[in-house]
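No experiment lies behind these values; they were computed from the predicted model shown. Convention: sequence-line order gives letters A, B, ...; per-chain numbering from 1.
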There are 4 protein chains.
Amino acid sequence: MPGAASANPAITTDARKLRSRDALYAAFLKLLERKNLDQISIREIAAAAGVGHATFYRHYPGKEALLNDLAADEIRRLVNLTLPVMKSESTQAACAALCTHVFGNRKLWTTLLTGGAASAVKVELLAISRNIAAGMDNHSLGPAMSELKTILSVNAIRETLAWWLRQRKPLSPERVACILEEIIALHDTLGVE
Amino acid sequence: MPGAASANPAITTDARKLRSRDALYAAFLKLLERKNLDQISIREIAAAAGVGHATFYRHYPGKEALLNDLAADEIRRLVNLTLPVMKSESTQAACAALCTHVFGNRKLWTTLLTGGAASAVKVELLAISRNIAAGMDNHSLGPAMSELKTILSVNAIRETLAWWLRQRKPLSPERVACILEEIIALHDTLGVE
Amino acid sequence: MPGAASANPAITTDARKLRSRDALYAAFLKLLERKNLDQISIREIAAAAGVGHATFYRHYPGKEALLNDLAADEIRRLVNLTLPVMKSESTQAACAALCTHVFGNRKLWTTLLTGGAASAVKVELLAISRNIAAGMDNHSLGPAMSELKTILSVNAIRETLAWWLRQRKPLSPERVACILEEIIALHDTLGVE
Amino acid sequence: MPGAASANPAITTDARKLRSRDALYAAFLKLLERKNLDQISIREIAAAAGVGHATFYRHYPGKEALLNDLAADEIRRLVNLTLPVMKSESTQAACAALCTHVFGNRKLWTTLLTGGAASAVKVELLAISRNIAAGMDNHSLGPAMSELKTILSVNAIRETLAWWLRQRKPLSPERVACILEEIIALHDTLGVE
DNA sequence: CTCTAATCGAGACGGTACGTCGCGTCTTACG
DNA sequence: CGTAAGACGCGACGTACCGTCTCGATTAGAG
């Protein structure tokens with residue numbers, strides 16, 4: 001921070017820096033609603049954020065980094081909302097919580113799942129899920145098969161949500177929660193004789 | 001074409017044109033093995049094909065067009081090999097045929113499913129599958145749900161194949177055929193009480 | 001010519017060849033009225049002549065060659081009309097003849113002197129004039145000074161004609177003939193003490 | 001320019017911009033010594049200036065613009081050197097000054113008058129001369145004739161200088177000054193009975 | 001409240017790739 | 001054989017962004 005040394009060089013409290021960062025984050029999200037990732041230029045993001053384009057580089061090495069930050073943030077928020085419910089209550093309740101949250105932040109998640117960010121979200125989501133799955137591993141299958149199961153489950157959920165958000169007249173969150181539950185149950189039987 | 005009259009203006013018999021086209025096709029495939037789509041420049045493709053870069057544009061409007069051609073070609077080849085088997089024999093036999101073909105053209109399909117072409121293949125595959133599914137529609141579900149089923153099935157198959165080809169020591173085609181069959185069976189139960 | 005040997009390989013009587021050549025000549029002239037030399041593409045000339053663009057190259061190595069042919073032809077025609085008059089009658093009569101001819105072929109000469117061909121005509125005209133001047137050399141000056149005199153005379157005449165043809169309401173040929181005569185007389189006194 | 005406020009947006013004080021501009025100017029001049037204008041590519045100029053080719057376009061819309069700048073600059077320098085002398089002293093002194101300057105910057109002027117820049121210089125020189133002539137108009141002739149006189153005078157001077165610089169063993173500046181004086185005197189009598 | 005250095009805007013720059021255009025050559029098929 | 005049609009390798013065009021860099025001007029926060 002200005003004027004002197006700081007306890008932690010990584011965490012800035014400088015208001016200017018935070019303002020720029022948030023402006024970039026918001027501007028990027030707005031642009032992603034309309035365009036694909038590689039139709040958005042860095043200068044465009046910076047301009048939309050009311051920020052010099054060089055400032056962008058002071059915060060992120062490139063637009064992919066910003067996108068990954070953004071995706072990871074939102075996914076983690078979703079997971080933190082859903083996972084505890086699943087553990088303490090039931091898969092059914094967790095699906096309901098998930099769908100409710102997604103529906104509540106529908107615009108954001110439409111962008112994340114069906115817009116230009118989709119493939120980054122896919123990767124990020126899988127990475128996070130892998131970590132979670134590593135914790136509660138079922139040892140009945142080999143590691144490779146176990147990974148396949150994770151991949152299929154996560155992708156099925158993701159595709160279902162994306163399909164949901166693409167609908168002109170979307171189903172109710174409760175309806176989708178049921179579908180999700182069914183899908184999850186289905187995948188649970190995979191590989192079990 | 002050179003000279004004057006021709007029966008069909010769309011089908012060229014000019015040897016030069018065919019040669020260029022094939023060279024571009026092959027060079028592109030080769031580059032896709034190593035790089036992502038947007039790390040490949042059009043001039044690079046043309047150079048690798050031993051062709052002037054302007055010639056590329058005389059054949060395709062851009063690299064996406066070439067990629068789509070390529071993906072559609074290979075997918076259609078695969079479908080034409082698999083679908084008849086499923087109709088005349090069984091799903092089991094079709095899975096076997098599919099896996100055998102993919103394994104036989106393993107390098108190509110690794111590129112298509114796990115390389116730079118992956119997302120284009122995903123789209124193309126879904127489009128073709130939608131067409132097929134439209135023919136043998138099951139009317140028990142609504143159109144939206146029916147589409148979801150197609151999406152989930154196709155993606156599950158695709159992800160499984162991709163996972164297979166990513167393995168360092170891949171399973172035998174027969175083994176994967178069994179897995180695929182199970183996955184397909186699983187998805188058939190979707191939406192049925 | 002087709003089918004057999006020819007007495008003189010340089011002079012073709014093949015009707016097709018002559019037709020193409022003339023068509024190119026005419027089309028080029030037409031285009032020169034509207035555009036600068038390097039705004040005219042060879043393909044454009046060929047198309048305007050109703051001829052394949054490759055045919056152009058069978059006749060001329062490039063558009064400059066065609067332009068030079070054209071310029072040289074017309075200049076020579078003009079000289080052949082003017083020079084004899086000067087020798088047999090007077091400079092005055094020659095100027096009159098020149099201006100009359102130019103005025104009669106006004107459109108052509110406007111193109112040649114003020115259009116895209118101007119600088120080629122300048123060069124060609126000087127070359128031809130140098131040849132003529134070499135015949136009737138005045139040995140009172142050195143060769144260098146003598147060349148300067150030719151340059152200045154020819155350019156003065158050319159610029160005057162160009163100026164004339166650029167006028168919205170051009171003077172009569174007789175009026176210009178007088179001016180030319182004065183200019184020539186003036187240049188004759190150059191270098192004479 | 002960088003930072004914020006500036007008195008005049010047209011005049012840049014940014015050292016980088018000036019350096020690039022000058023480098024382009026110099027490199028272009030160097031190339032013009034050897035080649036015609038349209039044998040010089042913009043990328044070639046930029047490379048010779050040690051500058052990215054896009055930078056060229058940040059300064060000039062095209063090579064013609066650079067050439068015109070260059071020509072106008074040098075012509076104006078010459079005029080500013082010659083015109084005052086003519087006014088305060090004599091035509092003779094002015095011719096001497098002109099020839100001395102041209103001879104001193106002989107390489108540059110050879111390029112400008114006999115190289116690839118020649119026709120641009122011709123146009124530019126005429127334009128500037130027209131402006132000067134407009135000031136000290138002689139009203140004895142009509143405007144058209146008066147313009148012809150300007151054209152002829154300027155071209156005669158220009159052609160004489162070009163001829164001079166083309167000579168293998170050029171005459172002394174004094175000698176050429178005399179010739180020029182004679183030519184100017186000659187043209188002064190034009191149109192006067 | 002005052003300094004001081006972190007942050008910023010503006011934008012020039014060397015690059016790379018873009019997609020278009022015209023060149024001159026070469027190939028093929030007609031008449 | 002001369003020609004049309006046109007594919008081709010080549011190379012310049014002018015544009016768009018890239019990521020780096022240098023500037024002063026501004027401003028937040030430590031003392």
Within 6.0 angstrom of B/Lys35 NZ, more than 12 heavy atoms from elsewhere: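 Correct, the count exceeds 12.
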Take C/Leu112 and C/Leu70 through the test side-chain contact (heavy atoms from CB on, under 4.5 Å) and record every step on the way to the result. CA-CA 9 Å; C/Leu112 290 179; C/Leu70 196 154; 3.6 Å; yes
How long is the span from the [atom1] atom in [X] to the [atom2] atom in [Y], to the nearest 0.5 Å?
X	Y	atom1	atom2	value
A/Leu32	A/Thr111	CG	OG1	6.5 Å
D/Glu124	D/Arg76	CD	CZ	7.0 Å
D/Thr114	D/Glu33	OG1	CD	10.0 Å

Do [X] side-chain atoms and [Y] backbone N/O form a donor-acceptor pair below 3.5 Å?
X	Y	result
C/Glu44	C/Ser41	yes
C/Gln39	C/Asn36	yes
B/Thr55	B/Val51	no

Using heavy atoms and a sub-4.0 Å distance, could you list which residues of residues 30-49 of chain B are near DNA chain E? By number, please. B/Ser41, B/Ile42, B/Arg43
Atom [atom1] of [X] to atom [atom2] of [N]: distance rounded to whole Å?
X	N	atom1	atom2	answer
A/Arg16	E/dT7	CZ	C1'	4 Å
A/Phe56	E/dC8	CZ	P	13 Å
D/His59	E/dG11	NE2	C1'	12 Å
C/Leu18	F/dC1	CG	C1'	15 Å
A/Lys17	F/dG29	NZ	C1'	15 Å

Let me spell it out: for each of C/Ala54 and D/Gly52, pick the nucleotide of DNA chain E with the closest heavy atom. Which residue's pick is nearer the 5' end?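 Between the two, 5'-proximity favours D/Gly52.
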With a 4.0 Å cut-off on heavy atoms, is A/Arg19 in touch with a base, just the backbone sugar-phosphate, or nothing at all?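 A/Arg19: backbone/sugar contact only, no base atoms under 4.0 Å.
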So what does D/Gly50 hit on the nucleic acid, given a heavy-atom distance under 4.0 Å: a base, only sugar-phosphate, or nothing? sugar-phosphate
Give a yes/no on whether any side-chain N or O of C/Ser20 is located under 4.0 angstrom from OP1 or OP2 of F/dT3.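 Answer yes for this pair, as a side-chain N or O of C/Ser20 is under 4.0 Å from OP1 or OP2.
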Taking OP1 and OP2 of F/dG9, is either one under 4.0 Å from a side-chain nitrogen or oxygen of B/Thr55?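 Looking at the OP1 and OP2 atoms of F/dG9, one of them is under 4.0 Å from a side-chain N or O of B/Thr55.
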Which nucleotide sits closest to the side chain of D/Tyr57: E/dC8, F/dT15, F/dA28?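 Looking only at heavy atoms from C-beta outward on D/Tyr57, the closest nucleotide is F/dT15.
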Could you go over nucleotides 1-3 of chain E and give all protein N or O partners under 3.5 Å, atom names and distances?
none

Looking at A/Tyr60, I'd like to know if the NZ or CZ of A/Arg21 sits under 6.0 Å from its six-membered ring centre while staying within 45 degrees of the ring's axis.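 Ring-cation test returns yes.
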Counting only distance, no hydrogens or angles, is the base of F/dT3 paired donor-acceptor with the side chain of C/His53 under 3.5 Å?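 It does not, because no donor-acceptor pair links the side chain of C/His53 to the base of F/dT3 below 3.5 Å.
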Tell me if the side-chain of D/Arg58 makes a donor-acceptor pair with the base of E/dG14, cut-off 3.5 Å, by modelled atom types.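 Yes, a donor-acceptor pair under 3.5 Å.
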Result for 5'-nearest mapping on DNA chain F, choosing between D/Pro61 and A/Lys63, is D/Pro61
